Enquirer: 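What follows is a single structure, and I will ask about it in a moment.
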Amino acid sequence: MISFFRRIFSSKLGLFLTLCFVGLIAIAFATADVSSSGTFGGVTGSGTAAKVGDSKLTSAELSQSVTNAFRGEQRENTGLDLKTYINGGGFDDVLERLINSFAIADFGTKYGMAAGKRLVDSEIASIPTFQGADGQFSEENFRRAMQQQGINESQLRNDFTRNLLADQLLTAAGFGAAVPQKLVVPYASLLLESREGQIATIPSVAFIENVKPAKAAVEAFYAKNASRYTIPERRTIRYALFEKSRFNDKIKPTEKEIAGYYNLNKSRYSASATRNLKQVIVPTEAAAKTLAAKISGGTSIDQAAKSVGLSAADVGSINKTDFANLASQAVANAAFSAQSGAVAGPAQSALGWHIVKVEDIKQIPGRTLDQVRTEIVSELTRTKTEEAMSELTVRLEDEFADGATLGDIAKAEQLKVEATPPLLANGQNPNDQNYKPIPEMQRLLPIAFAVDEDSDPQVVEIIPGQQYAVVDVSEITEAAPPPLAQIEQLVTRDYMLDQGSKKAKAVAEKIAKAVGSGTSLSKAIADAGVKLPGIQKISSTRAELARQSQQGQVPAPLSLMFSMAQGTAKSLAAPRDQGWFVVVLDKLNRGDASKRDDLLKATQAQFKQVIGNEYTAQFINAMKADIGVERNETTLTVLKKQLLGGN
């Protein structure tokens with residue numbers, strides 16, 4: 001539905017969506033899509049792309065952001081190349097988003113807003129990539145991720161600071177947008193509108209001659225349409241997997257370590273007791289004494305608690321130390337001094353006065369070193385293995401930084417090096433449709449496609465604490481069309497379709513013109529003198545069109561029919577030179593939503609969102625006007641040219 005309104009209103013919603021970047025850094029790390037090492041064209045950071053308030057956006061930062069955005073798009077659309085992305089507005093969109101980011105931050109700072117270090121720290125710590133196996137922030141994982149992605153800590157903190165300031169400023173900008181009912185009714189009624197029409201298909205194949213085209217014509221067509229056949233960038237990846245199990249036979253705790261661990265944890269292995277407890281907590285000592293006396297007199301703790309509007313809580317089986325941490329030392333002392341079946345207390349904690357019923361007592365005998373040896377060996381082995389694995393990954397990263405190659409490391413650590421064929425960013429092999437990458441490649445590909453060909457090998461965590469890989473890119477095959485000889489049959493077919501499409505266009509325009517002059521579609525087709533497929537009659541509502549639009553399934557002729565005037569006909573090209581359509585709108589049935597409260601409410605909610613977004617976009621424009629924005633057009637032109645591969 002929102003896509004429908006976006007088209008109807010011609011609003012700036014699309015612009016706003018490019019500005020809502022809060023949390024993008026966290027998302028980027030989660031998908032391994034933040035990298036500064038994969039830039040194109042040798043761009044340096046010496047130039048200033050734009051001055052925003054008191055801040056400067058460098059050409060290096062802009063180049064990196066364009067690269068990151070392109071890589072993200074390329075993973076979704078493997079056929080996308082950098083030239084198409086930039087010429088399609090990708091460069092300008094990223095530039096605008098960064099300028100907005102800097103402007104919001106400078107505006108907030110100018111008027112006394114701030115995002116403190118502790119707040120930034122908490123945001124960084126919440127990123128799963130930076131967390132260890134225990135779910136807590138891991139300094140080691142943080143440093144490793146920063147190194148792998150080529151980002152320094154200062155840059156990351158600046159990004160988070162800007163995003164947090166934007167979160168504070170933009171949240172209220174579009175809040176509470178009001179929408180007049182007179183504006184809602186006409187647009188809600190549009191969803192009830194239905195249309196009936198006809199579609200005639202004029203396929204290109206109907207005009208193809210059964211004659212092999214001239215080689216020169218095919219070559220000229222290929223040269224003009226080379227981008228259609230371009231194979232996206234491919235990378236040959238060399239990798240070596242290694243797991244924690246490599247240490248299984250190498251790590252064995254010594255007798256000294258086993259004895260030391262036992263002595264250090266004697267309290268765990270000494271004789272102890274657990275008690276199954278149930279308790280009631282009341283606010284005053286007097287009330288607690290009265291309730292304790294009632295329970296001691298034979299009333300069950302549940303009934304006694306219920307009589308004063310409370311309920312007894314099952315603490316369960318617990319030792320004294322844990323119960324002291326749960327309640328207080330005084331409460332624990334009382335509970336663990338009473339006999340089984342007795343009532344302990346009242347005793348006080350921060351929550352109030354506790355009356356505790358000892359349901360039963362379980363004695364746990366002490367265990368000797370020999371009795372727990374297997375348990376201790378297992379625990380020490382696990383700990384020492386984790387330490388060895390961590391030390392290995394850190395050592396490998398240091399050796400790569402010092403110039404070691406994947407081959408050097410593989411030989412020294414007895415690792416098996418594997419190599420992939422040239423792969424696309426999604427792991428497909430364009431030369432072998434049956435090729436299936438290993439499951440671990442899902443983690444390796446984002447890293448492999450984010451580094452330069454001459455970058456150091458990277459240590460990548462596959463399964464936290466369990467499995468790792470060393471990844472190296474041995475060859476980068478730039479996006480380019482294959483030689484004509486390899487795809488001559490395909491290009492020849494496309495050339496013939498192109499020629500047929502030109503003839504189909506002339507026929508389609510002739511038919512549309514005749515229908516526009518009052519001739520029926522069937523007679524106009526008959527007069528064209530070409531054997532064509534039968535006419536397709538269609539009918540649909542605008543609500544159905546909106547639903548299909550959300551799913552990305554709207555046929556182009558149906559979409560065209562909903563932008564036409566009743567009684568008119570228009571021609572429309574089919575994709576990839578497959579032919580042409582003639583669309584005729586026979587009847588338009590207008591809707592009336594004035595009595596449909598459900599539809600009016602839904603439309604009003606959508607309007608509030610759209611108008612709120614517009615308010616936000618205008619607020620950002622006002623902030624930019626307040627602090628001032630100066631674009632260095634010369635630097636931007638040079639940077640764009642360099643990214644496209646120019647000099």
Side-chain angles (χ1 to χ4, degrees), residues 132-136 138 244-282 288 291-292 295-296 298 300-302 304-305 311-391 464-466:
D134 59 355
Q136 301 300 312
S138 167
K244 190 170 69 172
S245 58
R246 66 186 276 114
F247 298 107
N248 284 353
D249 299 327
K250 299 178 181 179
I251 294 179
K252 294 182 179 179
T254 65
E255 288 299 321
K256 183 178 180 180
E257 290 172 329
I258 295 171
Y261 187 90
Y262 180 81
N263 292 328
L264 187 64
N265 296 276
K266 265 190 173 179
S267 60
R268 183 194 301 180
Y269 306 118
S270 59
S272 62
T274 62
R275 297 191 171 205
N276 188 13
L277 307 176
K278 183 176 282 191
Q279 68 175 355
V280 180
I281 305 175
V282 294
L291 199 59
I295 298 170
S296 298
S300 71
I301 189 171
D302 292 305
S311 60
D314 284 313
V315 178
S317 184
I318 193 170
N319 61 41
K320 186 175 182 179
T321 301
D322 291 341
F323 192 47
N325 293 332
L326 180 67
S328 72
Q329 191 62 54
V331 175
N333 289 340
F336 278 77
S337 298
Q339 299 297 316
S340 179
V343 178
Q348 191 176 22
S349 77
L351 299 176
W353 292 84
H354 296 239
I355 301 97
V356 183
K357 176 72 178 294
V358 181
E359 300 287 339
D360 60 63
I361 300 173
K362 182 179 179 181
Q363 297 293 338
I364 301 174
R367 291 183 290 168
T368 66
L369 175 58
D370 287 339
Q371 289 175 319
V372 297
R373 178 181 296 276
T374 302
E375 178 184 325
I376 292 176
V377 168
S378 177
E379 179 65 20
L380 285 175
T381 301
R382 182 188 64 80
T383 303
K384 290 169 68 69
T385 300
E386 290 177 353
E387 292 174 353
M389 194 68 166
S390 178
E391 290 172 0
Q466 298 290 328

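Numbering starts at 1 and runs along the sequence shown. All figures in this text were calculated on a predicted structure; none of them were measured in a lab.
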Enquirer: Using a 4.5 Å cut-off on heavy atoms from C-beta on, say whether the side chain of I318 contacts that of T274.
Expert: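 Contact flag for T274/I318 side chains = no.
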
Enquirer: Would you find more than 12 non-hydrogen atoms of other residues, nucleotides or ligands less than 6.0 Å from N263 atom CG?
Expert: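 Enclosed.
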
Enquirer: Can you give me the closest heavy-atom contact between Q348 and S328, atom names plus distance?
Expert: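 It is O-OG, 2.8 Å.
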
Enquirer: Closer than 3.5 angstrom, by distance alone: can the side chain of T385 be matched with the main-chain N or O of S245 as a donor-acceptor pair?
Expert: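 A pair under 3.5 Å: no.
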
Enquirer: Quick one: pull up CZ in R367 and OG in S270 and give me the separation to the nearest 0.5 Å.
Expert: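 The CZ atom of R367 sits 10.0 Å away from the OG atom of S270.
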
Enquirer: Side chains of E255 and R373: does their closest heavy-atom pair fall under 4.5 Å?
Expert: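 Yes - at least one pair of side-chain heavy atoms lies under 4.5 Å apart.
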
Enquirer: For a 4.5 angstrom cut-off between non-hydrogen side-chain atoms, does I258 reach L369?
Expert: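 In contact.
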
Enquirer: Do you know which two heavy atoms are closest between A335 and V358, and how far apart they sit?
Expert: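 Heavy atoms of A335 and V358 come nearest at O-CG2, 3.6 Å.
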
Enquirer: Is the shortest side-chain heavy-atom distance between H354 and S349 below 4.5 Å?
Expert: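 Yes; the side chains approach each other to less than 4.5 Å.
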
Enquirer: Tell me every residue that passes salt bridge (Lys or Arg N to Asp or Glu O under 4.0 Å) with D314, counting only those two or more places apart in sequence or in another chain.
Expert: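 D314 satisfies salt bridge (Lys or Arg N to Asp or Glu O under 4.0 Å) with K278 once adjacent residues are dropped.
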
Enquirer: Below 4.5 Å, heavy atoms only, C-beta onward: do Q363 and I361 meet side chain to side chain?
Expert: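 Yes, their side chains come closer than 4.5 Å.
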
Enquirer: I'd like to know whether I376 forms a side-chain contact (heavy atoms from CB on, under 4.5 Å) with Y269, so could you lay out the CA-CA distance, the side-chain angles of the two residues, the decisive distance to 0.1 Å, and finally the verdict.
Expert: CA-CA 11 Å; I376 292 176; Y269 306 118; 3.5 Å; yes

Enquirer: Under a 4.5 Å cut-off applied to non-hydrogen side-chain atoms, are Q279 and F323 in contact?
Expert: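 Answer yes - side chains close enough.
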
Enquirer: Could you tell me the separation between the CZ atom of R246 and the CG atom of N248, rounded to the nearest 0.5 Å?
Expert: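 Spacing of CZ (R246) from CG (N248) equals 11.0 Å.
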
Enquirer: What do the steps show when you test V356 against V343 for side-chain contact (heavy atoms from CB on, under 4.5 Å), and what is the final call?
Expert: CA-CA 6 Å; V356 183; V343 178; over 6 Å; no

Enquirer: Would you confirm whether E386, through its side chain, and T383, through its main-chain N or O, come within 3.5 Å as a donor-acceptor pair?
Expert: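 No.
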
Enquirer: Over all heavy atoms of both residues, which pair between I295 and A304 is shortest? Give the atoms and the distance, please.
Expert: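 Nearest pair, atom of I295 first, then A304: CG1-CB, 3.6 Å.
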
Enquirer: Once you round to the nearest 0.5 Å, how far does CG of L277 lie from CZ of F336?
Expert: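 Separation between the atoms: 5.5 Å.
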
Enquirer: With the threshold set at 4.0 Å, does a side-chain nitrogen-carboxylate oxygen contact exist between K384 and E379?
Expert: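 No, no charged N to carboxylate O under 4.0 Å.
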
Enquirer: Mind listing the closest non-hydrogen atom pair of N276 and S317 along with its distance?
Expert: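 It is OD1-N, 3.8 Å.
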
Enquirer: Distance from D360 atom CG to S340 atom OG, nearest 0.5 Å?
Expert: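 If we round to the nearest 0.5 Å, D360:CG and S340:OG are 6.0 Å apart.
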
Enquirer: S378 side chain to T374 main-chain N or O, any donor-acceptor pair under 3.5 Å?
Expert: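 Between the backbone of T374 and the side chain of S378 there is no qualifying donor-acceptor contact (under 3.5 Å).
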
Enquirer: Is the backbone of R268 close enough, under 3.5 Å, to the side chain of N265 for a donor and an acceptor to pair up by distance?
Expert: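 Such a contact is absent between N265 side chain and R268 backbone.
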
Enquirer: How many angstroms lie between CG in L291 and CD1 in I281, if you round to the nearest 0.5 Å?
Expert: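 Rounded to the nearest 0.5 Å, the CG-CD1 separation comes to 12.0 Å.
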
Enquirer: What residues, two or more places apart in sequence or in another chain, satisfy salt bridge (Lys or Arg N to Asp or Glu O under 4.0 Å) together with E387?
Expert: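 Partners of E387 by the salt bridge (Lys or Arg N to Asp or Glu O under 4.0 Å) criterion come out as none, since no residue qualifies.
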
Enquirer: Please report the closest heavy-atom contact between A347 and A334, naming both atoms and the distance.
Expert: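 That would be CB-CB, 4.2 Å.
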
Enquirer: Taking all non-hydrogen atoms of both residues, which atom of T381 and which atom of P253 are closest, and how far apart?
Expert: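 Residues T381 and P253, closest heavy atoms: OG1-CD, 3.5 Å.
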
Enquirer: Before accepting this row, confirm whether a basic side-chain N of the pair R275/E359 lies closer than 4.0 Å to the acidic partner's carboxylate O.
Expert: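 Salt bridge absent between R275 and E359.
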
Enquirer: Once you round to the nearest 0.5 Å, how far does CZ of F247 lie from NZ of K244?
Expert: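 Reported value, rounded in 0.5 Å steps: 10.5 Å.
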
Enquirer: Side-chain contact test, heavy atoms from C-beta onward, threshold under 4.5 Å: evaluate it for Y261 versus V372 and give yes or no.
Expert: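 A side-chain contact under 4.5 Å is absent here.
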
